[in-house]
Amino acid sequence: SRIAIILPFSTAPQISNSLLDGFLSSYFNFKQENILSILSVDSSSEIEDIFNDLDNFQPDFIIGPFAENRITVLLQQYNSLPFLVLNQASDDYRNMNGNAYFFRNDLSNELSALKPIMNSGQNGILFVPNNAYGDRISSLLEINNYLTESSKLISFEYESDSINQLDMINDALLIEQSNARLQRLNANLARNISFVPRRRNDIDFLMVFGQRRDLTNLIPQIKYSFANDLQIFTLSESNQSSLEIETLDDFDRVIFPDYAYFANNFEFPFKESFSNIQIADIEAVDNINLQRFYAFGKDLFNILSLMQSGYFIENSYEGFSGLIHLENNVFIRDLNLYQINGNALIEYEN
């Protein structure tokens, strides 16, 4: 088989190399009767150069790319070749090539894992940044109907570049109403009284979305604002840089959808229980997100092998990057929820 893998090697070399390394790692650790010929193509190149590379190589299967503008031209140019596109894209793109398969994006997978919490019938507050990332989250929540009549979420936007979020948090948690009660008491009593503000009591959980640089400021301030007893849910974005023991207190008890494969020595098949993984056992890397792509690359190889046998018609594949199943030519990863608990990761059960 001749496989062309199209990734942004010049614009995102670490991500591309991690994904390719994962793919090759599975290939070389898997007993093969037939040798694969693999061509890596830089999706950031001029489209004519990409066409020339592919035409000279004559692939049997194409994996990639990420960028939608490249997906369009490649599906049109090679509409008879099977593709494994690394982007969910739109229905229009999927109609360009009946042999193409797509991956639902990571953010959609993670939000889907939180959908049962959103629709639990409990009350919650949703914090999103007022930037393009926050707009994307809000759009995905709306497009995928994650917020239904049974969801009771009150939304607040925060300034993503601001260090001090206390005013916004106080508004969300109605701290000022509690302070106003103190002022009324002091006005009617002969002496001042000892007083600790109380947050609103009609909230069961918080969902705090943002990138790590925002969450390292926001989550501790939320806990400081008398909300330390509430469950806090976030996305794996908060864990995309190295986990350091001395900074974990800020994220203690925070719950997020993620994959347990970033523990040391994971092997295929995915059999071990990942309860109570010690933080100290997590592989030390500069960016945990690169391990996510490495694991995704390992899954790509196994998915490609399983596709050729028709496995996904009725089955799911328990891979390194989630439990993967196929719906209308779109691969979807079902993720588990994990919670940081002291110096351990525990699987969260609602």
Side-chain angles (χ1 to χ4, degrees), residues 107 109-131 133-142 144 146-179 196-240 247-258 335-342 345-350:
L107 188 52
N109 287 321
E110 293 191 29
L111 290 173
S112 180
L114 293 173
K115 187 175 182 179
I117 309 298
M118 298 178 191
N119 294 296
S120 63
Q122 295 180 310
N123 299 324
I125 293 177
L126 171 65
F127 294 105
V128 294
N130 62 343
N131 56 20
Y133 182 79
D135 292 342
R136 186 179 173 210
I137 288 176
S138 299
S139 176
L140 287 171
L141 291 173
E142 181 178 351
N144 293 286
Y146 289 158
L147 302 180
T148 66
E149 291 182 0
S150 63
S151 61
K152 300 175 182 178
L153 278 177
I154 307 169
S155 296
F156 286 85
E157 285 191 348
Y158 63 88
E159 297 286 339
S160 62
D161 296 327
S162 175
I163 295 176
N164 189 342
Q165 306 286 0
L166 287 175
D167 288 343
M168 182 277 301
I169 295 169
N170 286 342
D171 287 342
L173 297 178
L174 303 182
I175 300 296
E176 289 307 314
Q177 290 188 15
S178 184
N179 288 327
V196 176
R198 293 171 54 192
R199 62 164 175 81
R200 62 193 302 166
N201 60 8
D202 60 343
I203 294 299
D204 302 297
F205 64 89
L206 305 175
M207 288 199 172
V208 186
F209 296 158
Q211 294 171 303
R212 185 177 176 88
R213 65 176 182 270
D214 296 322
L215 299 182
T216 52
N217 287 321
L218 185 59
I219 290 178
Q221 291 180 60
I222 288 174
K223 292 182 176 181
Y224 174 80
S225 301
F226 313 102
N228 198 41
D229 60 318
L230 290 174
Q231 290 183 321
I232 299 177
F233 296 88
T234 187
L235 301 174
S236 65
E237 192 78 34
S238 64
N239 262 348
Q240 283 190 2
T247 64
L248 282 179
D249 286 347
D250 292 343
F251 292 90
D252 190 37
R253 297 188 300 104
V254 171
I255 304 159
F256 56 92
D258 212 331
L335 308 182
N336 293 328
L337 295 179
Y338 294 89
Q339 184 176 37
I340 295 176
N341 188 341
L345 290 177
I346 61 174
E347 192 164 347
Y348 172 76
E349 296 183 6
N350 188 14

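- Between Lys152 atom NZ and Asn119 atom CG the span is 11.5 Å, to the nearest 0.5 Å.
- In this structure, Asp135 has no side-chain contact (heavy atoms from CB on, under 4.5 Å) partners at least two apart in sequence or on a different chain.
- Note: Leu173 CG to Leu230 CG = 7.5 Å, rounded to the nearest 0.5 Å.
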Criterion side-chain contact (heavy atoms from CB on, under 4.5 Å) on Val128 and Tyr133, from CA distance to verdict: CA-CA 8 Å; Val128 294; Tyr133 182 79; over 6 Å; no
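- Residues Leu215 and Pro220 share a closest heavy-atom pair of O-CD, 3.6 Å.
- Between atom CG of residue Asp252 and atom CD of residue Gln339 there is a gap of 8.0 Å, rounded to the nearest 0.5 Å.
- For Tyr146, there are no side-chain hydrogen bond (donor to acceptor under 3.5 Å, both in side chains) partners two or more places apart in sequence or in a different chain.
- No side-chain heavy atom of Val208 sits under 4.5 Å from any side-chain heavy atom of Val254.
- With sequence neighbours left out, the side-chain contact (heavy atoms from CB on, under 4.5 Å) criterion links Ser120 to Gln122, Phe205.
- Although no hydrogens or angles enter the test, the distance criterion places a donor-acceptor pair under 3.5 Å between the side chain of Asp204 and the main chain of Asn123.
- Between Ser160 and the options Asn131, Asn217, Asp214, a side-chain hydrogen bond (donor to acceptor under 3.5 Å, both in side chains) holds for only Asn131.
- Atoms CG and CG, from Asn201 and Leu174 in turn, are 9.5 Å apart once rounded to the nearest 0.5 Å.
- With Gln221 contributing its side chain and Gln165 its backbone, the two residues share a donor-acceptor pair below 3.5 Å.
- One distance of note links CD1 of Ile232 with CG of Leu206; it measures 5.5 Å at 0.5 Å rounding.
- Under the side-chain contact (heavy atoms from CB on, under 4.5 Å) criterion, Arg136 pairs with Asn105, Leu107, Leu140, not counting sequence neighbours.
- Under the 4.5 Å side-chain criterion, counting only non-hydrogen atoms from C-beta, Glu110 is not in contact with Phe209.
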Step by step, work out the side-chain contact (heavy atoms from CB on, under 4.5 Å) result for Ile169 and Tyr224. CA-CA 10 Å; Ile169 295 169; Tyr224 174 80; over 6 Å; no
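- With sequence neighbours excluded, no residue satisfies side-chain hydrogen bond (donor to acceptor under 3.5 Å, both in side chains) with Asp161.
- Contact annotation: the side chain of Ile117 never approaches that of Gln231 to less than 4.5 Å [non-hydrogen atoms, C-beta and beyond].
- Considering all non-hydrogen atoms of both residues, Asp229 and Arg253 come closest at N-NH2, 4.5 Å.
- For Asn164, the side-chain hydrogen bond (donor to acceptor under 3.5 Å, both in side chains) test picks out no residue, with sequence neighbours left out.
- Contact of the Leu126 side chain with the Ile137 side chain is not registered, since no non-hydrogen atoms from C-beta on lie closer than 4.5 Å.
- The shortest heavy-atom contact between Leu235 and Pro257 is CA-CD, 4.2 Å.
- Taking the six-membered ring where tryptophan is involved, the planes of Tyr348 and Phe233 are perpendicular, since the angle between them exceeds 60° and thus also 30°.
- Between the CD1 atom in Ile255 and the CG atom in Leu114 there is a gap of 9.5 Å [rounded to 0.5 Å].
- Nearest approach of Ala172 to Ile125, heavy atoms of both residues: O-CD1, 3.5 Å.
- Of all heavy-atom pairs between Leu141 and Met118, the closest is CD2-CE, 3.6 Å.
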